[in-house]
Chemist: 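I am attaching a structure below and will ask some questions about it afterwards.
All residue numbers refer to positions in the sequence shown, counting from 1. Values below: every heavy atom of this structure, side chains too, minus hydrogens, waters and symmetry copies.
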Amino acid sequence: MKKEMTFKELSVLWIEEKRQFVKRSTISTYSVTLEKHINPHFGDYTTVITEEDIQTFVLDKISAGLKLKSVKDILVVIKMVYRYGVKCGVMENIMWDIKFPTSQNQRQQIEVLSITNEKRLIGYLNNNFSFRNLGILLCLHTGMRIGEICALTWNDIDIEQGLIHVRKTLERIYTTDNHKRRTEIVISNAKTVCSVREIPISSNLLKILKPLKKIVAGTFYVLSNDDKPLEPRTYRNYYKSVLTKLDIPMLKFHGLRHSFATRCIENNCDYKTVSVLLGHSTINTTLNLYVHPDNNQKKRCIEKMLKAIK
């Protein structure tokens, strides 16, 4: 390996090494991040990228309107490539201590359906059956991700045990063919080890699924009831049309997952169980996203503690 190498050249070698160990969708994400954000800025750098360089890059990205999480994700890729360069002896080992604007570090409020709108939506889905409507209902009852819903087949639904087996996810990824970037749909293993899970089917949902299981083909996808799946982009557009029809304020499809988790927490489900149902890697993810005690809850907690002491 040559002694001097640009960051862009290094990133190509790093991608090839990573390809052996991670999913195609992950490689796609890395490649797009490098192409769109990192290499235009650091591609020609050799030997060292200083803390000042990275700090300026981070602040510029935030000023350009990128969300803090997106900037941090980009920073993770930079660090991985750079560490690879240090290991190969072409980058100087240096530690960065990056600061982020305080206002950007404030917790963002997640968006969920109001209870009134959730009841309206469930009522509509129950009274207007279609396989696409069933998918929205499934998400409200299980908290599944859109990629998991799109990859779900009838074989993944076990009526006898009353369980939905979440094993796969479907997504559209970027690929490069003859230096031309294109997209393709891939179905791969679930997002993480914890994402592979079993979700109990509620009694109301079971009444809908049980007669359907008797007549559908097990290998067909639930959303399309066909051997060809529906992709997330198409399904998001359909979901938006349902909200528009019902005059419900627009909410991202992922908001259905947030709504499921929020309703569980509001009804005093234990946090570990909610975390497992959602397929989170750690309970901390669940706590940070959904457990935000208000002042009344804090007051009740203190009063309960003092009552126990008395």
Side-chain angles (χ1 to χ4, degrees), residues 1-111 171-177 179-183 191-192 233 252 254-255 258 280-282 284-285 287-290 292:
M1 184 176 291
K2 62 183 181 180
K3 284 297 180 184
E4 188 171 284
M5 183 179 294
T6 65
F7 188 89
K8 184 174 183 178
E9 291 170 330
L10 190 64
S11 70
V12 172
L13 296 178
W14 174 76
I15 283 285
E16 288 309 308
E17 183 182 82
K18 274 288 181 183
R19 203 181 296 277
Q20 309 171 61
F21 307 108
V22 300
K23 298 190 324 186
R24 286 182 63 198
S25 57
T26 305
I27 289 295
S28 172
T29 301
Y30 289 158
S31 298
V32 171
T33 301
L34 284 162
E35 180 183 330
K36 186 176 180 180
H37 296 287
I38 301 173
N39 283 333
H41 193 98
F42 295 116
D44 294 331
Y45 277 61
T46 58
T47 312
V48 66
I49 299 177
T50 67
E51 181 177 302
E52 184 180 357
D53 294 329
I54 296 293
Q55 185 68 70
T56 301
F57 173 80
V58 165
L59 294 176
D60 285 348
K61 287 295 179 182
I62 291 173
S63 297
L66 228 58
K67 291 184 178 179
L68 181 61
K69 183 184 182 304
S70 299
V71 175
K72 287 185 174 181
D73 289 343
I74 293 169
L75 195 53
V76 167
V77 178
I78 294 174
K79 287 180 177 179
M80 286 192 291
V81 177
Y82 196 88
R83 282 199 299 268
Y84 176 73
V86 172
K87 185 177 75 173
C88 294
V90 297
M91 286 291 179
E92 181 183 327
N93 194 3
I94 186 170
M95 299 293 290
W96 304 317
D97 182 19
I98 306 304
K99 305 292 191 300
F100 298 94
T102 305
S103 59
Q104 284 279 335
N105 280 317
Q106 293 177 352
R107 176 182 286 148
Q108 293 185 342
Q109 190 72 25
I110 60 170
E111 295 185 351
E171 53 195 325
R172 181 174 284 279
I173 66 170
Y174 284 100
T175 60
T176 303
D177 186 16
H179 303 291
K180 292 182 180 180
R181 203 167 80 175
R182 61 185 181 84
T183 65
K191 188 177 178 182
T192 65
R233 181 173 56 187
K252 289 181 180 179
H254 204 71
H258 289 325
H280 284 160
S281 299
T282 69
N284 287 337
T285 304
L287 294 174
N288 291 335
L289 276 173
Y290 304 112
H292 309 146

Chemist: Run the numbers on Val12 and Ile15 for side chain to side chain contact (heavy atoms under 4.5 Å, CB included), then give the verdict.
Modeler: CA-CA 5 Å; Val12 172; Ile15 283 285; 5.9 Å; no

Chemist: Do other residues, nucleotides or ligands put more than 12 heavy atoms under 6.0 Å from the CD atom of Glu52?
Modeler: no

Chemist: Which heavy atom in Thr6 sits nearest to a heavy atom in Gly43, and how many Å separate them?
Modeler: CB-O, 3.2 Å

Chemist: CG of Asp73: more than 12 outside heavy atoms within 6.0 angstrom?
Modeler: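 Correct, the count exceeds 12.
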
Chemist: Once side chain to side chain donor-acceptor pair (under 3.5 Å) is applied, do any residues pair with Thr282, and if so which ones, sequence neighbours excluded?
Modeler: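 Once residues adjacent in sequence are excluded, the partners of Thr282 under the side chain to side chain donor-acceptor pair (under 3.5 Å) criterion are Thr285.
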
Chemist: Determine yes or no for a side-chain-to-main-chain donor-acceptor pair under 3.5 angstrom, with Trp96 supplying the side chain and Ile49 the backbone.
Modeler: yes

Chemist: Could you check whether the rings of His280 and Tyr290 sit parallel, tilted or perpendicular, using 30° and 60° as the cut-offs?
Modeler: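 Aromatic pair His280/Tyr290 classed parallel.
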
Chemist: Measuring from Tyr30:OH to Ser11:OG, what's the distance to the nearest 0.5 Å?
Modeler: 13.5 Å

Chemist: Could you tell me if the side chain of Met5 sits less than 4.5 Å from the side chain of Leu13, heavy atoms only?
Modeler: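 They are in side-chain contact.
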
Chemist: Measuring only between side-chain heavy atoms, which start at C-beta, is Phe21 closer than 4.5 Å to Ile27?
Modeler: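 They are not in contact (no side-chain heavy atoms under 4.5 Å apart), so the answer is no.
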
Chemist: Taking all non-hydrogen atoms of both residues, which atom of Ile54 and which atom of Ile78 are closest, and how far apart?
Modeler: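 The answer is CD1-CG2, 3.9 Å.
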
Chemist: Could you list the donor-acceptor pairs under 3.5 angstrom formed between side-chain atoms of residues 86-94 and any protein atom two or more places apart in sequence or on another chain?
Modeler:
none

Chemist: Quick one: closest heavy-atom pair of Thr192 and Ser281, and the distance?
Modeler: OG1-OG, 3.8 Å

Chemist: How long is the straight-line distance from CD of Gln55 back to CG of Asp60, given to the nearest 0.5 Å?
Modeler: 10.0 Å

Chemist: Mark yes when over 12 heavy atoms from residues, nucleotides or ligands other than Glu111 sit less than 6.0 Å from its CD; otherwise mark no.
Modeler: no

Chemist: If you round to the nearest 0.5 Å, how far is CZ of Phe7 from CH2 of Trp14?
Modeler: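 If I round to the nearest 0.5 Å, the distance is 8.5 Å.
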
Chemist: Filter on ring-ring contact (aromatic ring centres under 6.0 Å, His included), then keep only pairs touching residues 54-73, sequence neighbours left out; what's left?
Modeler: His41-Phe57, Phe42-Phe57

Chemist: Apply side chain to side chain donor-acceptor pair (under 3.5 Å) to Tyr45 and list each qualifying residue two or more places apart in sequence or on a separate chain.
Modeler: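 Residues passing side chain to side chain donor-acceptor pair (under 3.5 Å) with Tyr45: none at all.
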
Chemist: CG/Leu289 to CG/Asn284 distance, rounded to the nearest 0.5 angstrom?
Modeler: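 Those atoms lie 11.0 Å apart.
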
Chemist: Go through the steps for Leu66 and Ile74 under the test side chain to side chain contact (heavy atoms under 4.5 Å, CB included), then give the verdict.
Modeler: CA-CA 11 Å; Leu66 228 58; Ile74 293 169; 3.6 Å; yes

Chemist: Within 45 degrees of the axis of the six-membered ring of Phe100 and under 6.0 Å from its centre: does Lys72 put its NZ or CZ there?
Modeler: yes

Chemist: Report the C-alpha distance between Ile98 and Glu51 in whole Å, list the side-chain angles of each, state the deciding distance to 0.1 Å, and finish with yes or no for side chain to side chain contact (heavy atoms under 4.5 Å, CB included).
Modeler: CA-CA 7 Å; Ile98 306 304; Glu51 181 177 302; 4.2 Å; yes

Chemist: Find the distance between OG (Ser31) and CZ (Arg19) and round it off to the nearest 0.5 Å.
Modeler: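 That separation rounds to 6.0 Å.
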
Chemist: Heavy-atom count check: over 12 atoms from other residues, nucleotides or ligands less than 6.0 Å from Lys61 NZ?
Modeler: yes

Chemist: Quick one: side chain to side chain donor-acceptor pair (under 3.5 Å) partners of Arg172, sequence neighbours excluded?
Modeler: Thr183, Glu231

Chemist: Who passes side chain to side chain donor-acceptor pair (under 3.5 Å) against Arg83, sequence neighbours left out?
Modeler: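 Residues passing side chain to side chain donor-acceptor pair (under 3.5 Å) with Arg83: none at all.
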
Chemist: Look up atom OG1 in Thr29 and atom CZ in Arg24, then write down how far apart they are to the nearest 0.5 Å.
Modeler: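 Interatomic distance, Thr29 OG1 to Arg24 CZ, rounded to 0.5 Å: 12.0 Å.
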
